[in-house]
*Asks:* 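Sharing a structure here in structure tokens format.
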Amino acid sequence: MTDNATHRAASVHRVTGETDVTVWLDLDGQGKCSAKTGIPFLDHMLHQISSHGLIDIEVEAQGDWEIDDHHTNEDVGITLGQALAKALGDRKGIVRFGHFIAPLDEALVQVALDFSGRPHLSYGLSLPTERVGTYDTQLVREFFVAVVNHSQMTLHIRQLDGINSHHIIEATFKAFARSMRMALEIDPRRASTIPSSKGVL
């Protein structure tokens, strides 16, 4: 887990009385992922972010799973958001905005985001079941709240169709990944400037 000066990479280690989480990521990666959170469904979703966002990600977490998955899920989101913010730095040269509509069988989810420096989540999923396997579907929103607040991103998620919770959630993570991929690309026309009329994000 060593930052590469030629890439936009960062590592964050966060320890609380409930969890111990390390996240390393490379925004200019190839979609390689190692996720060991102790929450299998969350690991699966982190692989979606990595694969479809072309972000190399390594996540290792220890948590109070004997209570439930809430603290670990949230703290992985917090640490991932902090690593995103650290890797982006002053956000110079990025496209900044991203959007994508992802289908997965009957599910269709739209994501639009802005690395604006202003955290905001508009969450529009309606999940028909309380769990996918052992994963509490309420934790999807908690994960995105944590990522948004700590990466300082504006994120809108809209469910356009879907009746299967697994399909809806996975389509969401895929659309989120592709939106980030678009937003994090370097714009060759403004590679040396910050993409804001204010001059700062």
Side-chain angles (χ1 to χ4, degrees), residues 1 3-4 6-12 23-35 37 42-59 76-104 107-125 140 143-160 167-196 201:
M1 292 189 177
D3 290 359
N4 184 336
T6 64
H7 282 8
R8 296 173 296 168
S11 181
V12 175
V23 172
W24 173 88
L25 55 77
D26 183 346
L27 303 181
D28 301 302
Q30 298 177 318
K32 298 176 182 177
C33 183
S34 172
T37 67
L42 180 59
D43 290 348
H44 181 43
M45 294 302 105
L46 291 169
H47 276 272
Q48 304 311 308
I49 292 175
S50 175
S51 176
H52 297 284
L54 290 182
I55 301 170
D56 290 347
I57 299 175
E58 296 179 21
V59 181
V76 168
I78 288 171
T79 312
L80 180 65
Q82 290 173 341
L84 278 168
K86 185 176 178 181
L88 276 169
D90 62 8
R91 310 189 182 205
K92 186 178 291 183
I94 63 170
V95 171
R96 176 179 161 178
F97 299 94
H99 61 89
F100 199 81
I101 299 176
L104 180 56
L108 188 65
V109 177
Q110 178 186 51
V111 168
L113 59 81
D114 175 12
F115 280 96
S116 59
R118 298 183 304 278
H120 173 81
L121 174 64
S122 182
Y123 180 84
L125 297 187
V140 177
F143 176 83
F144 283 112
V145 166
V147 173
V148 161
N149 285 340
H150 291 270
S151 65
Q152 297 191 315
M153 170 199 307
T154 297
L155 175 63
H156 289 259
I157 299 171
R158 290 287 176 269
Q159 179 181 330
L160 305 179
H167 293 168
I168 295 164
I169 295 167
E170 187 166 335
T172 299
F173 275 82
K174 287 177 175 175
F176 176 66
R178 288 300 298 259
S179 298
M180 282 211 298
R181 179 175 167 183
M182 178 186 295
L184 295 173
E185 288 290 330
I186 297 298
D187 185 342
R189 297 178 62 191
R190 68 188 320 164
S192 61
T193 62
I194 292 171
S196 171
L201 287 173

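Every value quoted in this text rests on a predicted model; they were computed, and no experiment measured them.
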*Asks:* With heavy-atom distances below 4.5 Å as the criterion, would you say the side chains of Val147 and Met180 are in contact?
*Replies:* no
*Asks:* Determine, stepwise, if the pair Thr172 / Leu125 fulfils side-chain contact (heavy atoms from CB on, under 4.5 Å).
*Replies:* CA-CA 9 Å; Thr172 299; Leu125 297 187; 3.5 Å; yes
*Asks:* Kindly determine whether Glu58 and Ser11 satisfy side-chain contact (heavy atoms from CB on, under 4.5 Å), including the steps that lead there.
*Replies:* CA-CA 9 Å; Glu58 296 179 21; Ser11 181; over 6 Å; no
*Asks:* Should Met182 and His99 count as side-chain neighbours, where that means a heavy-atom distance under 4.5 Å?
*Replies:* yes
*Asks:* Less than 4.5 Å apart, any side-chain heavy atom of Ile57 and any of Leu46?
*Replies:* no
*Asks:* I'd like to check Met45 versus Val140 (side-chain heavy atoms, cut-off strictly below 4.5 Å). Are they in contact?
*Replies:* no
*Asks:* Kindly indicate whether the side chain of Leu201, heavy atoms from C-beta on, has any atom under 4.5 Å from the side chain of Pro195.
*Replies:* yes
*Asks:* Any idea which heavy atoms bring His120 and Val148 closest together, and the distance?
*Replies:* N-CG1, 3.4 Å
*Asks:* Might you point out which heavy atoms bring Ala171 and Ala102 nearest each other, and give the distance in Å?
*Replies:* O-CB, 3.5 Å
*Asks:* Applying ring pair (Phe, Tyr, Trp, His ring centres under 6.0 Å), which residue pairs with at least one partner in residues 169-192 are found, sequence neighbours left out?
*Replies:* Phe143-Phe173, Phe144-Phe173, Phe144-Phe176
*Asks:* Heavy-atom distance under 4.5 Å between the side chains of Leu80 and Leu25, does that happen here?
*Replies:* yes
*Asks:* Keeping Arg178 on the side-chain end and Phe100 on the backbone end, is there a donor-acceptor pair under 3.5 Å?
*Replies:* no
*Asks:* Could you go step by step and tell me if Leu121 and Asn149 meet the side-chain contact (heavy atoms from CB on, under 4.5 Å) rule?
*Replies:* CA-CA 8 Å; Leu121 174 64; Asn149 285 340; over 6 Å; no
*Asks:* For Asp56, enumerate each residue passing the side-chain hydrogen bond (donor to acceptor under 3.5 Å, both in side chains) test, keeping only those at least two apart in sequence or located in another chain.
*Replies:* none
*Asks:* When you compare the side chain of Ile55 with that of Leu184, does any pair of heavy atoms fall below 4.5 Å?
*Replies:* yes
*Asks:* Which residue in the set Val111, Ile157, Ile101 passes side chain to side chain contact (heavy atoms under 4.5 Å, CB included) when paired with Ser179?
*Replies:* Val111
*Asks:* Is a donor on one side and an acceptor on the other found under 3.5 Å between the side chain of Lys174 and the backbone of Gln48?
*Replies:* no
